[in-house]
Amino acid sequence: MGIGDIADDLLRGLGGLGSGLTEAFSDPVIRLGVTGLSRAGKTVFITSLVANLMDRGRMPGLRAAAEGRILSAFLQPQPDDTVPRFDYEVHLDELTGPAPRWPESTRAVSELRLSFRLAEAGLFGGMRGPRTLHLDIVDYPGEWLLDLALMEQDYAGWSAEVLTRIEPRVEAAGYLAQIAGLDAAAAHDEMRAKALAEGFASYLGAARAAGYSDCTPGRFLLPGELAGSPVLTFAPLPKPAEIPRGALWREMERRFEAYKAKVVKPFFRDHFAKIDRQVVLVDALGAIHAGPRAVEDMRRAMAGILAAFRPGRTGWLTGLLGLRRVERILFAATKADHLHHLEHAKLTRIMAALMRDAKDRAEFAGAETAAMAIASLRATVEESVRHEGRMLDCVRGRLLDGGREAAFYPGDLPDNPAALLAPAREGATQWLDADYEVMAFAPAVLKLKPGEGPPHIRLDRAAEFLIGDRL
């Protein structure tokens with residue numbers, strides 16, 4: 001069963017009809033999905049976005065805020081009692097307290113409802129009185145999003161693709177040695193299956209740490225309550241010529257299909273298929289630092305993600321039936337504060353080029369897309385430093401390792417994104433004429449004035465693109 005079949009199931013479901021009818025005659029709701037791959041900054045993005053929507057002193061690019069039409073913004077209990085609440089207050093304290101630190105990474109789905117009291121725009125807006133709009137922010141791991149592509153694959157195709165892709169990677173050496181000479185037609189043995197699953201999960205963890213994006217199945221990295229279950233006890237294997245009943249291959253195949261049916265499909269049905277607007281956060285600088293192969297891997301992963309979206313405008317009838325399409329998708333390169341502002345336009349162009357395949361597919365289906373370089377929480381300041389007779393445009397911040405202040409020059413990004421994408425597509429192992437460094441900065445100690453949210457870069461423009469038309 002593919003993604004289209006799941007969507008058809010939703011259309012036939014009577015539950016969607018009831019929820020659609022209820023929503024159509026109540027206060028309007030926007031469901032904003034926030035995702036990204038590891039270290040992209042999802043938790044920081046949501047925390048800073050909500051803080052800056054509640055205290056809008058740093059949001060001039062959000063038109064409704066600049067025009068004074070947001071009368072108030074306040075948190076309310078989320079409508080879904082079965083989904084954990086995004087721990088906004090704790091994360092805000094972590095980022096803005098006297099000893100600020102980055103919060104823990106996203107490990108499961110969570111949700112938060114921010115409600116707006118809005119003044120109507122236009123000459124007769126005051127005559128109609130204020131209106132209410134709810135923004136439901138849904139946070140979920142990007143690794144789970146990548147799993148949606150598995151719905152279109154069978155076990156044999158997935159195994160062959162994975163083994164071909166990871167063969168040249170040093171991180172995969174241990175797992176490839178583990179399956180060398182393995183007879184997948186031999187009788188299934190649970191201890192062997194467990195060892196193989198653990199070996200593959202170990203590879204996935206090493207690949208993610210090395211900057212690769214194609215780390216699926218995502219629940220192998222974030223197992224939660226499924227840890228140790230048969231649905232997470234499989235791994236890719238070379239297909240044997242003969243596959244008798246009771247073979248290891250057949251049991252791995254069965255568990256792969258169970259993973260799709262019992263893990264991936266419920267996530268699509270219960271969370272992903274209900275999204276109206278989506279932001280995909282990307283640590284493009286981290287991929288560039290990791291090298292050409294990581295950049296190409298990220299490009300392919302982002303294109304694959306768009307296959308899971310159902311982009312396009314939602315008509316009144318499909319909205320009434322409870323079906324949604326993602327109307328706007330923002331691809332945001334995070335950590336723009338790690339670069340001098342003169343490099344931001346280059347990063348945006350690189351981001352747009354990386355997302356070109358995904359962007360074209362979404363726009364063909366009728367969705368609006370944008371690429372942007374942002375920093376959800378600005379951790380640095382800019383300064384110029386003289387070095388070997390020339391001035392370098394640097395950023396200065398508090399280093400994550402040790403906490404001391406340091407100025408950092410990351411190098412010049414190329415004006416033409418093809419200088420990165422061409423060697424990445426060609427399979428180059430390293431950049432020929434440049435070395436792109438990345439520094440890990442800790443959050444800066446903040447002194448916020450009343451009415452100000454945390455400092456950021458272009459978070460107001462991101463909010464304008466994602467929800468500005470509805471405010």
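Just so you know, these numbers use all the heavy atoms, side chains as well, and skip hydrogens, waters and symmetry mates. Computed from a prediction, not measured in an experiment: that's the story for all the values here.
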For F234 and Y155, I'd like to know if the aromatic rings sit close, meaning centre-to-centre distance below 6.0 Å. no
Not counting sequence neighbours, which residues clear side-chain hydrogen bond (donor to acceptor under 3.5 Å, both in side chains) with [X]? List them please.
X    : answer
H134 : S115
S48  : N52
T334 : none

Could you give the distance from [atom1] ([X]) to [atom2] ([Y]), rounded to the nearest 0.5 Å?
X    : Y    : atom1 : atom2 : value
K274 : D80  : NZ    : CG    : 6.5 Å
D214 : R165 : CG    : CZ    : 4.0 Å
I30  : D136 : CD1   : CG    : 9.5 Å
I166 : Y175 : CD1   : OH    : 7.0 Å
M54  : I70  : CE    : CD1   : 12.0 Å
L471 : L135 : CG    : CG    : 8.5 Å

Stepwise side chain to side chain contact (heavy atoms under 4.5 Å, CB included) test for F441 and L399: CA-CA 5 Å; F441 291 106; L399 298 182; 3.9 Å; yes
Yes or no on side chain to side chain contact (heavy atoms under 4.5 Å, CB included) for L354 and F331, after CA distance, side-chain angles and deciding distance? CA-CA 10 Å; L354 277 170; F331 297 101; over 6 Å; no
Sidechain-backbone polar pair: [X] side chain, [Y] backbone, donor-acceptor under 3.5 Å:
X    : Y    : value
D147 : V264 : no
K335 : G41  : no
T380 : D337 : yes
D154 : G157 : yes
Q178 : A195 : yes
H340 : L392 : no

Find out whether [X] and [Y] are in side-chain contact, i.e. whether some heavy atom of one side chain is under 4.5 Å from a heavy atom of the other.
X    : Y    : answer
I374 : F45  : yes
I179 : L163 : yes
L49  : S376 : no
M439 : P410 : no
Y140 : K42  : no
L413 : L347 : yes
P236 : W158 : yes
I350 : P417 : yes

With salt bridge (Lys or Arg N to Asp or Glu O under 4.0 Å) as the criterion, how do E296 and R299 come out once you've worked through the C-alpha distance, each side chain's angles and the decisive distance to 0.1 Å? CA-CA 5 Å; E296 173 61 10; R299 186 195 66 78; 2.8 Å; yes
Would you please test L75 and V50 for side chain to side chain contact (heavy atoms under 4.5 Å, CB included) and show each step? CA-CA 9 Å; L75 293 172; V50 171; 4.0 Å; yes
Where is the tightest heavy-atom contact between [X] and [Y], given as atom of each residue plus distance?
X    : Y    : result
L221 : C215 : CD1-CB, 3.7 Å
L146 : S213 : CD1-O, 3.0 Å
G211 : A294 : O-CB, 3.7 Å
L459 : M59  : O-CE, 4.2 Å
A210 : A290 : O-CB, 3.5 Å
A336 : A373 : CB-C, 4.1 Å

Donor-acceptor pair between S110 and R85 side chains, under 3.5 angstrom: no
Salt bridge check, R169 against D297: does any charged N sit closer than 4.0 Å to a carboxylate O? yes
Flag the pair R69 and E67 as a salt bridge only when some basic side-chain nitrogen lies within less than 4.0 angstrom of an acidic carboxylate oxygen. yes
May I have the step-by-step check of side chain to side chain contact (heavy atoms under 4.5 Å, CB included) for F116 and L53, ending in yes or no? CA-CA 9 Å; F116 297 94; L53 288 173; 4.0 Å; yes
Could you list all the side chain to side chain donor-acceptor pair (under 3.5 Å) pairs where at least one residue sits in residues 92-104, not counting sequence neighbours? H91-E94
Filter on side chain to side chain donor-acceptor pair (under 3.5 Å), then keep only pairs touching residues 460-471, sequence neighbours left out; what's left? R277-D469
Is the NZ or CZ atom of R219 both under 6.0 Å from the centre of the six-membered ring of Y259 and within 45° of that ring's axis? no
Checking R328 against F465: charged group under 6.0 Å from the ring centre and within 45 degrees of the axis? yes
Please verify the inter-ring angle class for H341 with H344; under 30° counts as parallel, over 60° as perpendicular, anything in between as tilted. perpendicular
Sort and list the pairs that fulfil salt bridge (charged side-chain N to carboxylate O under 4.0 Å, His left out) and have at least one residue in residues 373-399, not counting sequence neighbours. R378-E382, E383-R396
